[in-house]
Amino acid sequence: MTDSPTRRALITGITGQDGSYLAEFLLDRGYEVVGMVRRSSTVNYERIAHLMDRLEFHSGDLLDQMSMVEAIREHAPHEVYNLAAQSFVQTSFGQPVLTGETTALGVTRMLDAIRLVDPSIRFYQASSSEMFGKVHEVPQTEATPFHPRSPYGVAKVYGHWITVNYRESYGLHACSGMLFNHESPRRGLEFVTRKISHGAVQIALGQATELRLGNLDAKRDWGFAGDYVDAMWRMLQLDEPEDFVICTGETHTVREFCQAAFARVGLDWEKHVVIDHKYYRPAEVDLLVGDGSLAAERLDWRPSVGFVELVEMMVDADLALLEGRLRHLS
Ligand code: NAP
Ligand code: G4F
């Protein structure tokens with residue numbers, strides 16, 4: 001650690017679900033927080049609207065090496081959290097090269113920027129349980145071999161190993177969190193949990209009649225995003241960098257998520273959910289469930305939100321949003 005009194009963090013992906021929770025978390029701990037944001041034709045700061053006057057921004061893109069070098073040079077962060085990615089698995093089948101450029105090579109670009117400008121910076125890489133893919137053991141631990149099932153999963157394996165490689169080659173304080181699925185009211189509408197919570201509420205309010213979904217048998221270890229950003233921070237506070245699985249240790253099917261979400265608004269999911277094969281994937285990850293004992297032991301980190309509580313939190317937030325009681329997701 002440096003001896004600067006105020007810690008400064010650079011977050012890539014600050015406009016995303018995790019970036020917004022991490023920014024809040026770090027600001028609450030007295031950090032100065034800089035978000036790297038990419039240019040778009042419409043403003044896309046909905047998840048961080050409530051934080052805007054407390055944040056600094058740097059225009060950059062994971063596809064552009066110099067913008068990352070400049071971000072590090074200009075803002076001199078002590079910690080870098082690389083959360084930016086093309087993060088949607090389904091899209092990675094249609095845009096595999098873009099996914100590789102962003103989600104895989106983008107990690108190398110950031111690591112090189114750190115190595116060249118200030119190798120004392122601590123680096124967090126957003127690795128994923130998608131790397132376990134067609135799982136070789138149940139539950140999955142830090143030692144479970146990877147077998148990715150999508151271009152996204154393959155790109156994350158690259159990002160994971162290049163982080164390990166820069167740690168071993170150049171002595172960077174660089175680590176990966178192998179995070180299992182984590183959700184929240186700020187989850188993108190294309191991901192299955194938010195699609196279900198939002199869809200169930202739309203049906204309950206008479207704004208839709210059906211919800212079209214793909215594979216209901218897939219099982220995921222779903223936690224709350226607000227808990228998971230705490231684990232990211234804890235990883236960067238260790239004296240020696242190490243990689244961790246972050247999970248709840250419980251797994252549920254997409255069907256169970258539907259059941260709980262529709263029940264929250266007093267509906268029978270079976271009357272409204274329609275199977276649509278366009279949402280099936282060329283290769284599926286059937287079962288994810290993690291073993292978080294290393295994180296519990298070394299980081300003293302445990303999830304605080306259970307499955308039913310998470311579903312109800314998401315449905316209640318969508319109800320407030322669609323009834324006009326909430327102006328935005330924060
Ligand atoms: P998310 O909501 O999809 O956010 C992704 C972020 O990446 C957005 O801020 C997006 O910016 C940014 N981004 C995309 N392409 C970029 C580029 N070329 N240059 C700069 N920024 C770019 O994802 P999330 O759920 O917060 O996940 C955060 C990270 O954790 C991702 O790396 C994801 O793959 C990983 N992860 C997520 C989970 C999970 O369950 N949520 C689990 C394991 C790992 P725009 O707003 O401009 O699009
Ligand atoms: O919500 P999903 O799209 O998330 P997925 O594929 O597990 O990926 C998420 O978690 C990863 C961690 O393991 C992250 F790395 C990644 O960035 C992302 O955050 O799909 C979950 C499951 C899949 O098995 C999918 O086939 O739900 C199934 N599903 C069924 N119907 C559907 C749908 N998924 C989506 N998105 N939309 C459907 O209509």
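Every number for a ligand or one of its atoms is a count from 1 in the order of the listing.
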In the protein, what heavy atom is nearest to [atom], and what distance, to one decimal place, separates them?
atom                    : value
atom 11 (O) of ligand 1 : Thr15 OG1, 3.3 Å
atom 17 (C) of ligand 1 : Asp61 OD1, 3.5 Å
atom 30 (O) of ligand 1 : Ala126 CB, 3.4 Å
atom 40 (O) of ligand 1 : His182 N, 2.9 Å
atom 31 (C) of ligand 1 : Leu83 O, 3.0 Å
atom 1 (P) of ligand 1  : Ser87 OG, 3.7 Å
atom 36 (N) of ligand 1 : Tyr152 OH, 3.9 Å
atom 6 (C) of ligand 1  : Gly13 CA, 3.7 Å

Exercise. Check whether the ring centres of Phe224 and Phe307 lie less than 6.0 Å apart, and answer yes or no.
Key: no
Quiz item: Are the aromatic rings of Phe146 and His160 close, with centres under 6.0 Å apart?
Solution: yes
Which protein N or O atoms sit under 3.5 Å from any N or O of ligand 2? Give atom names and distances.
residue: ligand 2; atom: 1 (O); partner: Val192; partner atom: N; Å: 2.8
residue: ligand 2; atom: 3 (O); partner: Arg281; partner atom: NH2; Å: 2.8
residue: ligand 2; atom: 6 (O); partner: Arg281; partner atom: NH1; Å: 2.5
residue: ligand 2; atom: 7 (O); partner: Asn181; partner atom: ND2; Å: 2.9
residue: ligand 2; atom: 7 (O); partner: Arg220; partner atom: NE; Å: 2.8
residue: ligand 2; atom: 10 (O); partner: Asn181; partner atom: ND2; Å: 3.0
residue: ligand 2; atom: 13 (O); partner: Ser129; partner atom: OG; Å: 2.6
residue: ligand 2; atom: 13 (O); partner: Asn181; partner atom: OD1; Å: 2.8
residue: ligand 2; atom: 17 (O); partner: Ser87; partner atom: O; Å: 2.7
residue: ligand 2; atom: 17 (O); partner: Tyr152; partner atom: OH; Å: 2.7
residue: ligand 2; atom: 19 (O); partner: Arg187; partner atom: NH1; Å: 3.2
residue: ligand 2; atom: 19 (O); partner: Arg187; partner atom: NH2; Å: 2.8
residue: ligand 2; atom: 24 (O); partner: Arg220; partner atom: NH2; Å: 3.0
residue: ligand 2; atom: 24 (O); partner: Glu284; partner atom: OE1; Å: 2.9
residue: ligand 2; atom: 24 (O); partner: Glu284; partner atom: OE2; Å: 2.9
residue: ligand 2; atom: 26 (O); partner: Glu284; partner atom: OE2; Å: 2.6
residue: ligand 2; atom: 31 (N); partner: Gly214; partner atom: N; Å: 2.8
residue: ligand 2; atom: 36 (N); partner: Glu190; partner atom: O; Å: 2.9
residue: ligand 2; atom: 39 (O); partner: Lys195; partner atom: NZ; Å: 2.8

Close N or O approach ([X], ligand 1; < 3.5 Å):
X      : answer
Asn82  : no
Ala85  : yes
Gly60  : no
Lys156 : yes
Asn44  : yes
Ser128 : no
Leu62  : yes
Leu179 : no

Quiz item: Can you list the steps and then say if Arg186 with Glu24 is a salt bridge (Lys or Arg N to Asp or Glu O under 4.0 Å)?
Solution: CA-CA 13 Å; Arg186 299 182 200 167; Glu24 258 169 33; 2.7 Å; yes
Exercise. Using the six-membered ring wherever Trp is involved, compare the ring planes of Phe262 and His272 and label them parallel, tilted or perpendicular (cut-offs 30° and 60°).
Key: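 Parallel, since the angle between the ring planes stays under 30°.
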Quiz item: Do the ring planes of Tyr166 and Tyr170 sit parallel (below 30°), tilted (30 to 60°) or perpendicular (above 60°)?
Solution: perpendicular
What atoms in ligand 1 come closer than 4.0 Å to a heavy atom of [X]?
X      : result
Asn181 : 40 (O)
Thr102 : 15 (N), 18 (N)
Gly16  : 2 (O), 4 (O), 8 (C), 9 (O), 26 (O)

Practice problem: With heavy atoms only and a cut-off of under 4.0 Å, state how Asp18 meets ligand 1: side chain, backbone, both or neither. | Solution: both
Quiz item: Where's the contact between Ser127 and ligand 1, heavy-atom distance under 4.0 Å: side chain, backbone, both or neither?
Solution: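 For Ser127, the contact with ligand 1 is made by the backbone alone.
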Quiz item: Looking only at non-hydrogen atoms, which of Met36, Arg187, Arg38, Glu130 approaches atom 48 (O) of ligand 1 most closely?
Solution: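 It is Arg38 that holds the nearest heavy atom.
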Quiz item: Looking at Phe25, does the NZ or CZ of Arg29 lie under 6.0 angstrom from its six-membered ring centre and within 45 degrees of the ring axis?
Solution: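 Yes, Arg29 lies over the aromatic ring of Phe25.
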Self-check item: Stacked cation flag Lys195 on Tyr279, 6.0 angstrom / 45 deg
Solution: yes
I'd like to know if the side chain of [X] pairs up with that of [Y] as donor and acceptor (distance under 3.5 Å, no hydrogens or angles considered).
X      : Y      : answer
Glu137 : Thr144 : yes
Tyr152 : Gln90  : no
His182 : Asp18  : yes
Asp227 : Ser304 : yes

Quiz item: Knowing that exactly one of Val107, Leu236, Leu172 qualifies, which makes a side-chain contact (heavy atoms from CB on, under 4.5 Å) with Phe123?
Solution: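 The residue from Val107, Leu236, Leu172 that satisfies side-chain contact (heavy atoms from CB on, under 4.5 Å) with Phe123 turns out to be Val107.
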Quiz item: Would you call Asp286 and Lys219 a salt bridge, using N to O less than 4.0 angstrom?
Solution: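 Lys219 and Asp286: not salt-bridged.
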Practice problem: Starting at OG of Ser176, measure out to CZ of Phe244 and round the result to the nearest 0.5 Å. | Solution: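 Rounded to the nearest 0.5 Å, the OG-CZ separation comes to 11.5 Å.
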Practice problem: Can you measure from NZ (Lys271) to CG (Asp268) and round to the nearest 0.5 angstrom? | Solution: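 So the gap between those two atoms works out to 5.0 Å.
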Quiz item: Mind checking whether Leu179 and Leu310 sit in one hydrophobic cluster, side chains of I, L, V, M, F, W, Y counted as touching below 4.5 Å?
Solution: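 Linked within one cluster.
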Quiz item: Has Glu240 got more than 12 heavy atoms of other residues, nucleotides or ligands less than 6.0 Å from its CD?
Solution: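 Counting neighbours around CD of Glu240, 12 or fewer heavy atoms of other residues, nucleotides or ligands fall under 6.0 Å, so no.
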